[in-house]
Every structure is written in structure tokens, then in C-alpha cells.
Amino acid sequence: MQRKQFLQTVSLGASGLLIPALSFTQTQSPDPLPAALVKDFVIAGHGNFAKTKELFAETPALLYATHDWGKGDFETALEGAGHVGNKEIANWLIEQGARTNVFVLTMLGKTVIVKTFLETFPSYINARGPHGLTLLHHAQKGGDDAKELLDLIKSKGLTQTNMKL
């Protein structure tokens with residue numbers, strides 16, 4: 001067999017193996033979590049610690065689930081805990097592996113992280129979290145832990161706690 005024929009045979013054979021593998025992965029994606037369950041978890045994350053733990057124990061993937069409140073307003077259970085200032089639930093969710101963001105970190109008073117983030121991305125001072133709530137709102141909800149961040153955010157000129165989506 002000549003080199004050209006060999007290469008054609010090998011490439012056809014390899015593609016024959018690859019195509020079924022690709023189609024298998026595309027058709028075997030899991031079903032989405034039920035929207036009502038996600039909504040219940042996000043609502044619980046705002047302040048019902050027992051329910052948050054119960055739902056997580058039953059469906060750990062809820063940790064990463066986001067509820068769509070409509071018009072681009074998405075929220076996780078962690079973000080719910082963040083904007084109401086529930087540090088106990090927020091810290092527990094983070095310990096379980098929840099993905100956090102600068103809004104939650106602001107409420108928790110993680111000054112070094114938030115300050116570095118804002119120095120790197122200064123225009124983020126005007127970003128909006130769930131429900132249009134700003135970093136100023138989250139710093140206020142953080143109380144004494146977030147006092148330094150509250151002062152920093154105010155010094156950067158942010159005066160609104162809610163900016164409509």
C-alpha cells in the first residue's frame with residue numbers, strides 16, 4: 001500500500017471512530033433540574049438554613065443552579081444569602097463549593113479580594129447583581145465586617161443601592 005492510500009484509510013477509520021463518540025456525548029446530556037426545585041432552593045438560600053441544607057442533601061447540583069426571575073435577573077442561593085446579608089448560609093454554601101462573586105464577597109467583608117478586584121476592574125463599581133442590587137447594597141448588608149468596603153465604595157462615588165435592570 002502506498003503512503004497516500006494508507007493515510008486516507010487511517011483518516012477515514014479515525015473519523016469513523018470519532019463521529020459516533022461526538023454524537024453520543026451530544027445526545028446524553030442530563031435533563032435540567034426542575035425550575036420549581038431551583039426556585040425553592042434559591043428562596044431558601046435567602047434565610048431558611050434548614051431548608052437549604054435539606055434541599056442540598058437531596059440534590060447537590062442545586063449548589064450551582066440559577067433561578068431566572070425574568071428580564072435578565074438571575075440568582076443563585078448564594079447570591080440570595082448575599083443580598084440579604086445572611087453570612088451563615090453564604091459561608092456554608094461556599095464551604096460546599098458554591099461559585100461566589102464580588103457581590104457576595106463584599107457582603108462577607110473580604111476586603112483584600114474585593115479591593116484587588118476593583119483596582120483591576122475599576123468600572124465594576126457600577127455593576128449590578130441580582131435584582132439590580134449594587135456593591136453598595138451588599139456592603140451595607142455586610143455590617144461591621146464590610147465597613148472598610150462600604151467606605152471604599154462610597155469613596156468611589158457609588159451612591160445607589162439598587163439600579164433597575
Side-chain angles (χ1 to χ4, degrees), residues 25-26 28-165:
T25 58
Q26 291 173 353
Q28 298 300 317
S29 61
D31 290 332
L33 293 170
L37 180 61
V38 172
K39 183 177 182 180
D40 287 347
F41 186 67
V42 170
I43 290 170
H46 287 71
N48 188 336
F49 202 7
K51 180 86 170 176
T52 301
K53 287 181 175 179
E54 175 190 326
L55 291 171
F56 173 75
E58 293 169 5
T59 312
L62 286 168
L63 194 62
Y64 311 110
T66 304
H67 180 67
D68 181 356
W69 293 104
K71 296 185 180 181
D73 186 9
F74 294 88
E75 181 180 32
T76 64
L78 176 58
E79 290 170 322
H83 78 75
V84 298
N86 195 317
K87 294 175 190 174
E88 182 181 30
I89 292 177
N91 281 313
W92 185 84
L93 289 167
I94 292 169
E95 287 172 13
Q96 305 314 305
R99 295 179 282 239
T100 191
N101 60 39
V102 72
F103 296 98
V104 174
L105 294 171
T106 296
M107 182 276 294
L108 291 173
K110 302 300 181 186
T111 304
V112 173
I113 299 169
V114 175
K115 190 174 181 181
T116 302
F117 187 91
L118 290 174
E119 287 169 359
T120 306
F121 303 102
S123 63
Y124 210 82
I125 193 72
N126 295 310
R128 298 172 292 184
H131 317 313
L133 298 171
T134 66
L135 290 171
L136 180 61
H137 170 88
H138 288 78
Q140 289 171 340
K141 290 295 180 179
D144 289 341
D145 293 335
K147 174 78 172 92
E148 188 176 341
L149 287 171
L150 180 62
D151 293 342
L152 173 72
I153 289 164
K154 286 180 176 179
S155 76
K156 292 190 178 289
L158 185 59
T159 59
Q160 292 180 296
T161 57
N162 188 316
M163 299 163 98
K164 294 294 179 197
L165 296 174

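Quick caveat: nothing in here was measured; it's all calculated off a predicted structure.
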What's the shortest heavy-atom distance between [X] and [Y], and which atoms?
| X | Y | result |
| --- | --- | --- |
| Ala81 | Met107 | O-CE, 3.9 Å |
| Ala44 | Lys51 | CB-CG, 3.6 Å |
| Leu78 | Ala98 | CD2-CB, 4.0 Å |
| Asn86 | His46 | ND2-O, 3.5 Å |
| Ala77 | Leu93 | C-CD1, 3.8 Å |
| Val112 | Thr116 | O-OG1, 2.8 Å |

Task: Ala35: partners by side chain to side chain contact (heavy atoms under 4.5 Å, CB included), with sequence neighbours left out - done: none
Less than 4.5 Å apart, side chain to side chain, heavy atoms only: is that true for [X] and [Y]?
| X | Y | answer |
| --- | --- | --- |
| Leu136 | Gln160 | no |
| Lys115 | Leu152 | yes |
| Leu108 | Ile94 | yes |
| Val42 | Leu62 | no |
| Ile113 | Val102 | no |
| Val38 | Thr66 | no |
| His83 | His138 | yes |

- [ ] With sequence neighbours left out, write down each residue that passes ring pair (Phe, Tyr, Trp, His ring centres under 6.0 Å) with His137, or none if nothing qualifies.
- [x]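 None.
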Task: Parallel, tilted or perpendicular, as decided by the 30° and 60° cut-offs, for the rings of Trp69 and His67 - done: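 Aromatic pair His67/Trp69 classed perpendicular.
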- [ ] Indicate the ring-plane relationship of Tyr124 and Phe103, choosing parallel, tilted or perpendicular according to the 30° and 60° boundaries.
- [x]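 Geometry flag for Phe103 against Tyr124: tilted rings.
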As an exercise, state the distance from [atom1] of [X] to [atom2] of [Y], rounded to the nearest 0.5 Å.
| X | Y | atom1 | atom2 | answer |
| --- | --- | --- | --- | --- |
| Thr134 | Ile153 | OG1 | CD1 | 7.5 Å |
| Leu150 | Leu135 | CG | CG | 11.0 Å |
| Leu149 | Thr106 | CG | OG1 | 5.5 Å |
| Arg99 | Thr76 | CZ | OG1 | 9.0 Å |
| Thr161 | Gln140 | OG1 | CD | 6.0 Å |
| Lys53 | Asn48 | NZ | CG | 11.0 Å |

Task: Selection residues 140-165 - residue pairs positive for ring pair (Phe, Tyr, Trp, His ring centres under 6.0 Å), sequence neighbours left out - done: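 For residues 140-165: none.
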Task: Cation-aromatic face contact Lys39/Phe41, 6.0 Å, 45 degrees - done: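 That pair does not qualify as a cation-pi contact.
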Open item on the list: My understanding is that only residues two or more places apart in sequence, or in another chain, count here; which of them pass salt bridge (Lys or Arg N to Asp or Glu O under 4.0 Å) with Asp73?
Closed with: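 Partners of Asp73 under the salt bridge (Lys or Arg N to Asp or Glu O under 4.0 Å) test: none.
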Open item on the list: Suppose we screen for side chain to side chain donor-acceptor pair (under 3.5 Å). Which residues come up paired with Asn101, at least two apart in sequence or across chains?
Closed with: Glu79
Task: Residues Thr52, Trp92; criterion side-chain contact (heavy atoms from CB on, under 4.5 Å); working and verdict - done: CA-CA 10 Å; Thr52 301; Trp92 185 84; 4.1 Å; yes
TODO: Hey, could you give me each pair passing salt bridge (Lys or Arg N to Asp or Glu O under 4.0 Å) that has a residue in residues 149-165? Not counting sequence neighbours.
DONE: Lys147-Asp151
Open item on the list: side-chain contact (heavy atoms from CB on, under 4.5 Å), that's the test. Do Lys141 and Val84 meet it? Break it down for me.
Closed with: CA-CA 6 Å; Lys141 290 295 180 179; Val84 298; 5.7 Å; no
